[in-house]
Amino acid sequence: MIPALTPELILYATAIGLTTIGLAGVVLSVHLFRMVLSLVIAEAGVNLMLVLAGYRWDAVAPILTSLGEQPAMVDPVPQAMVLTAIVIGVGVQALAVSILIRIRQRYATLDRWEVAERMDADIAATAGTPRDVSQEAPLGERPLPPIPAKRVDPSGSES
Amino acid sequence: MTLTLLDELLLFSGATLLVALFIGRGLAAGWMVTILYGGQLLTLLKMAALGYGGGIIASSLSFTVMGQNLSWRFDALSWFFALITLGSALLSSWFACGAWERSYAKQGGNIWLFHLAMALNVLSMLILLASGDLLSLFIGWELVSWAGFLLMALAGGVATQAAMRYITYAMAGGMAIFGGLALVYSSSGSLQLDAVLIAVESMSTTKLWLLVILFGGGFGVKMGLLPFHLWQAPAYAETPGPGSAFLGAISSRMGLFAILLVLVKLFGIVNIDSLKIPFTLIDARDLLAWIAVFTIIFPTFTAMKQNDARHLLAWHGIGQGGYMLLGVVVADAMGGAGGLLHVFNHATYQAALFMAVTAVIHRTGTADLNKLGGLVVRMPLSFMVLLIGIIGLAGLPPMNGFVSKWLVYRSLLNEGMPLLFLAAVIGTLGTILSVYKLIHNIFLGQLRVEHEQVKEAPWSMMAPMLILAAIIFITGLFPGIPLAWVASVQEVVGLPATDYTLGGVESVSGSLDMIWVIGVLFAGFGIGAVIFYSAGRSKRVHQLDNYAGGHFLSADVRYQYSDNFYAGLMHLVGGWYRGSFLWLEKSVISLIDFLSLVMQGLYRRANAEFYLLSTALFVMAWVVI
Amino acid sequence: MNGALALTIALPLLGAFLLPVLMRVSVAFGVWIGPAILAYGCWILGDLWLTGSMQPFSVALGGFAPPLGINLYADTLALLFALAAQLLGLIFWPFKLDQDSARRQALMLLLVAASTGLALSGDLFNLYVFYELTAVATFGLVAASGTSAAYAATIRYLILSGIGSVLTLFGIALIYGQTGTLNLAHLAQLAPEQLSNELGLAAFLSLLIGIGVKAELFPVNTWVPEVYATASSRLSAFLAGLVSKLALLIILRLLLLVFHQPEAAQVILILGILGVVSGELAAWRAKEMRRMLAFSSIGQLGVLFIAMALPDGQGMLAVLALALHHLVIKSGLFMLADGWGGALQRLRGSAAASPLAAGLFVLFSLSLVGMPPLPGFWAKFTLITELAGQTEPLYLMGLTVFLLATVVEAAYLFRVAAIIYQSAPQERRPDEIPKAGGLSLATAGLFGAGLIATTLLIAPVGDRLQTIAAQAQDVDLYINTVFPATPGASQ
Amino acid sequence: MAPLELLLELTLMPLVAFLVGMMMVLMMRRIAARIQRRVGPPLFQPLYDIVKLHSKQTQVSHGLIHDIGIVMAMGGYIAAETLLPVPGMNGIAEKGGIITLLYLMMIPSLGLALGVGQCANPNGSIGIARALTAMLAYDIPLVIVIFGVAYAAGTTNLVDIIAQQQAGGFATWGAVQMPLLAVAGLIAMHASLGKQPFEIYIAPAEIATGPMVEMSGKHLGGLFVMQCFQLYTISVLYVSLFLGGGSTWFDFLLKSFLVLAIPASIAYLFPRYRTEDLLRLMWKWPVMLGLIGVAFVL
């Protein structure tokens, strides 16, 4: 039986819904930019949640119009907080997009697995350590007969 | 604050360390450090009252940190072990100065670091021996294991690998002890010895079992008891000459000191005896006894297969450790005395043997038993020292090793433990076999062409060896001297003391008087010599003038049997060497490797966000339900 | 004098925004602005620390009374960490002058300001803002090192930290919805009735995981190895040493003041144990110095989480001792990693090249592993005795995992020491052997000297830590200082 | 025990041992001869051999240790004799028990080993390796037997053990009390003699009489003397452990000769055991019997 559909419940549901959609987007997507966008959705959802925390149905927006008696007002504090949260969110997203541009220039791809692979290869190259976890060379002593010496490495990514 | 004798000793030892640190460069440094060890020994002898009457000399240095007060003091037990430590340190560093030092420096060894490591070892051992409560015991313990690591690792290459393996074992042991310490602290509220003594009575058996396992395992690692013995042989063998003599003599006996202090004195053998292993009729004491007995057998028979003299001796070091623990664990008057006396005896002949082998290495450049032979004609004195050493190690009458083994056997006989008695005898016989292989392959048989010009070891190395040989024989002839110290240690530790005489032990069920036995033995040798030499002079013959089934022997043919020495025995026993402990160690390391691979995979390309979400959901669900 | 406390945050912020402009005006003047600000901040905090009567005090920003306004709460613990933030900021100041050094220095000032704010702030949302500020500053600094791997690492870290902030906001929303206030002291008063139910626990957990991203909590620390491997070692030293501790401090304050449910402590304990296990074991196979140090810091922070999970604040002393000890050791080790950054095999024979660095490495490893006279041993001793006192099996499991982790740690640290002390392979020319030198060696030496100093005067340091811990534990002291008995405006 | 009288005993016991030992060697060779259907050597043949060997002109030696080895071999047994109580003379049996005696009996084999080692002949070394392995083989049952007897008697002092056995006449003899131990002791004793089935280490065909390959002249003479002492010591040890020692000289000698006759007669009927078969035999039957015997005693 669906609980009574009070408007308050709908708003809470949308807030939590938005957050879960955002987070699911981040987890499921492969393209980095798509992940940043779904992060935006998640933040919007949480901001809505924050506003709802101080919301009262029978009250008006917390603006002091006249000096006299004021009608019942909504709690202004969460709204102030939401302002800063939104500002921070925008700042972070701008930084994220600029870094995505850099990655696009350097790695020519924004596929998260490819970027991760390239990053590991770079770190190993700068440090000078051989990459031990790769499909071509299984770990540990080879139970099978040794690979013939002169075998060209297909991926060619060996630096 | 008045300087007690113990403070003097510790300051003296600290001064030796500083001397080694700052003026260790010059060649005279070695002699100076040796003289300082001599000084330390003198200050220790000034405290000789401990060794005979018992009593305690407290150090004025004691401070409290984070609510724990630490104090240091000496009693008969620490005095006895300190005597052995300083004795072997003095003789080892005397052995190190002079000729050996020069040749070691020529081969690129760092003499300054060697003397520094030795001084550090002696200081940390004294601190461990002087520990007044469990926390200072643990601090001393860690210092000793790290100082030992330094001494083992300074030879570089293979020695560093062996030292690395040692430090992992030592850390595991140290952490087990730390865990045990924490459990004791949590149940008794304080780490002072008397507080713990009271707390032990009220401990539940499961907690006592846990403590016995933790402390036994932790100290057992240093003593090289069975499951943890793999590190000791390569570590002691690869240390440079006199270092291995010092480590072999005393370093792993610190484990026995700690077992005596904690398991025997604090927990008390009777409590340990009451810990029954469920469903079986053996209790904790029997378990320790059987571990000790297997520690006697397996390393001794592994020693027989070694081809490097130093490794053979190091494996024997582990084996003999088993006797000491067996004696202490049987814990009747003779057993305790046997175990403790064996600590002293073993220190003397193990140091002598390692020094003799180092002298051979010094002269011939190798310790490989298959590349030596016939050195008795060129190095007679070293032969004599090695002979006296192996007679002691095998435990045959004229030498002191026999007295302590006799005591251990008599205690097993009195307590009526046939299987333990049998296993101990198997250990002794195995020692005799492998020890003969040592002396045969080095000193007897055909002298090699390249060893024609080998001279006797220089006097700076020969003097300490001869002193040790003399000590072995004298304490064999008059075992009463060390037995006096052992008796006072037994009182301190709570074992029943033995009634000893100068010649040996007096007891209703069969006594031993070494003066008579050795007297008769030498009388027999005299009569034998008379019979033998009455038949006129014999002509000395060259080694190649030998029966070879009609062939003519020439210098280039290798007419010596040394490889696969006990072939007959190995046909039967060879199959039993499956290196199961080595396999156990490898499997633990590969497990850790696999787990770390899994963890690294987790961090390398893991879908971090997925983890974050899953944990958040999981935690939320857990909270809601 | 208490007003000056706010200056320590305000000045670096002001400096951060003015620096790019000043740099363009005159480089000579601009270079000294940053260090001067930080030095002044250290002086204020040092002065407060010494002259202060050890009594905590609360500064209401802008004169607004705490329940509504934001207050800075400074007890000895917070002062200690704030001073550490300013001092380490000064020590790890990016002195290298190149074309975007202005940007890097500005971000550094931002990072230090935000860290000081984290240490001092008494309001939950204010903490969130500072937390985000640190995150953004870190992104900037990591990306500043310019390599493509750094960019990749930053973006992955950014996304993870973004989700973290989403969860933190979610937690804050829940708390505000429930109690209507975000001031820690006020929350502490209201918590027993309003936040001890399921919702309170859910709020805490989302806060824990949100802030846990920065505090290298188990499931969310996958960014650590990548960021520390790509960032400059001075930055990773600052991050690993200090910033992760501050995030931990927030969770600790929350645990002490607001959330007393046992489930909260159990979650932290489990995640701590998993952190220790994964950190230490991953470090066992690490082939590269910086990545190994990153895994080791995950392990050590896991230990801090275990210490924090001890019921009703018993572990406070252990957390404090272990945190400070880890701060000194990890910063020192990362400074050494500055010169020895690359693969471990390449370090062969570098002891001969730079004996002081090798000596320092061994000193740090010994203390990290807990060799008795060094402070590392005493820190571990406090934790182990606390853990052994508990009866619940989970704590005993934590104890065994901690002990086993130390063995694994000793193994891989001394494997590196053995490699360093090996003789260099012949074919390597002497200049090819990595040398740790210059400024970073000096800073590592500084930390080494600090370590030896604490070893010598361990007793007084121990007592001082005990007083700080006792003061930090005492909840109603916190409430009374923020809301003095008479609800008058605080000074 | 006045010191003078003790001194007299200490000299007399080895002398008696030597004479009885020679008679035993003669008996061994006579029994062997009878089995092989020949007459066998005259009465004093062992003495003639020893004197002949000692009076050879060219005595060949491989060095000091070679000589000392032989001296140790003889000396060890001479010392062991003084620990063996003989009717009327106890020597220094109280000063050291059975365990000391067991160890004293190992000294000669070690001395011999050193001497042979110095001869630098591989056959000798192989022989010694086999001899020590054989010692490892027969010593284990011997030790079990000794443990059983010592535990039953409650003391390791031979004089008390003999006194206990003589107290009840025939009924309290060791063999009667502990039959299994007696049988195990017999097999172990037979092996320790190094006679026919167990003489792998002298094996003339394979390793040219093993240790004795470079022994000639007084060295071989010394080994002959050692053999006399060896036979005497082992048989007297067995007699005092299981057959209640000798209350009178005649009964003591009768028992010792009888005890020695058993292995002597078995000896020449079997071919040699290989080393590992010797080990397998020794570690299987006598050890089994011994352990069961000890189980009864416990």
Side-chain angles (χ1 to χ4, degrees), chain A residues 12 15-16 19 22-23 26-27 32 35-36 38-40 42-43 45-54 75 77-78 80-82 84-85 88-89 91-93 95-96 98-103 105-107 110 112 115-116 118-133, chain C residues 68 124-126 128-129 131-133 135-136 139-140 142-143 146-163 165-182 206 225-226 229-230 285-291 341-346 434:
Chain A
Y12 270 106
I16 293 174
T19 333
L23 293 183
V26 167
V27 166
L32 282 177
M35 290 167 77
V36 171
S38 42
L39 202 62
V40 166
E43 262 156 32
V46 171
N47 292 345
L48 179 60
M49 183 75 178
L50 201 54
V51 168
L52 284 177
D75 183 353
V77 171
M81 282 195 278
V82 157
T84 31
I88 292 171
V92 166
Q93 279 129 30
L95 182 65
S98 61
I99 292 175
L100 280 183
I101 295 167
R102 283 293 172 151
I103 295 178
Q105 286 160 358
R106 294 291 177 85
Y107 282 164
L110 275 180
R112 62 178 296 178
V115 165
R118 286 279 178 75
M119 183 183 74
D120 280 341
D122 283 359
I123 294 176
T126 44
T129 54
R131 298 263 328 284
D132 56 5
V133 183
Chain C
L68 209 56
L124 202 53
F125 191 75
N126 192 303
Y128 168 72
V129 169
Y131 175 73
E132 276 308 309
L133 212 57
V136 170
F139 302 148
V142 173
T147 62
S148 41
Y151 289 126
T154 326
I155 195 65
R156 286 163 63 90
Y157 179 30
L158 188 142
I159 290 166
L160 203 60
S161 148
I163 297 175
S165 57
V166 160
L167 280 175
T168 325
L169 264 184
F170 188 78
I172 289 173
L174 282 179
I175 289 179
Y176 193 81
Q178 195 68 14
T179 59
T181 166
L182 281 177
S206 57
E226 293 146 10
T230 49
R285 273 184 65 82
K287 297 261 183 310
E288 188 224 346
M289 176 65 99
R290 281 218 199 88
R291 199 176 275 265
L344 294 177
Q345 291 310 334
R346 268 204 327 218

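In the text below, chain A, chain B and the rest are named by the order of the sequence lines, each starting its count at 1.
In this view, C:F125 and C:Y128 satisfy the ring-ring contact (aromatic ring centres under 6.0 Å, His included) rule, not counting sequence neighbours. Residues that satisfy the side-chain contact (heavy atoms from CB on, under 4.5 Å) test with A:V46, not counting sequence neighbours, are A:T19, C:V166, C:L169.
Ranked by heavy-atom pairs shorter than 4.5 Å toward chain C, the options A:G45, A:P78, A:A42, A:A85 are led by A:P78. Annotation: maximal heavy-atom pairing with chain A below 4.5 Å, among C:A149, C:G177, C:A135, C:S148, occurs at C:S148. Contact tally against chain C (heavy-atom pairs below 4.5 Å) for A:T126, A:L52, A:T84, A:I103: the top residue is A:I103. Between chain C and the residues A:V82, A:V77, A:V51, A:L32, the largest count of heavy-atom pairs under 4.5 Å involves A:V77. Among A:M49, A:Q105, A:R102, A:R118, the residue making the largest number of heavy-atom pairs under 4.5 Å with chain C is A:R102. The candidate from A:V92, A:V36, A:V115 with the greatest count of non-hydrogen atom pairs under 4.5 Å with chain C is A:V92.
Rounding to the nearest 0.5 Å places CD1 of C:I155 at 4.0 Å from CG of A:L100. Put simply, CD on A:Q93 and CG on C:L158 are 9.0 Å apart, with the number rounded to the nearest 0.5 Å. Rounding to the nearest 0.5 angstrom, the gap separating the CE atom in A:M35 from the CD1 atom in C:I163 is 7.0 Å.
Taking both residues in full, the closest heavy atoms of A:Y107 and C:A152 are given as CE1-CB, 3.9 Å, listed atom of the first, atom of the second, then distance. When all heavy atoms of C:R156 and A:A116 are compared, the pair lying nearest together is NH1-CB, 3.5 Å. Closest of all the heavy-atom pairs between C:S165 and A:E43 is OG-OE2, 4.3 Å. In this structure, C:A173 and A:A53 approach most closely via the heavy-atom pair O-CB, 3.9 Å.
Contact of C:I175 with chain A is not made at all, since no heavy-atom distance falls under 4.5 Å. Proximity to chain A is absent for every atom of C:L133, based on heavy atoms less than 4.5 angstrom apart. Proximity to chain C is limited to the side chain of A:I88, based on heavy atoms less than 4.5 angstrom apart.
Inter-residue side-chain proximity for C:I159 and A:R112 is flagged as unmet; no heavy-atom pair is nearer than 4.5 Å.
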**OP:** Output, in order, the C-alpha distance, side-chain angles, deciding distance and verdict of side chain to side chain contact (heavy atoms under 4.5 Å, CB included) for A:D122 and C:T147.
**Re:** CA-CA 9 Å; A:D122 283 359; C:T147 62; over 6 Å; no
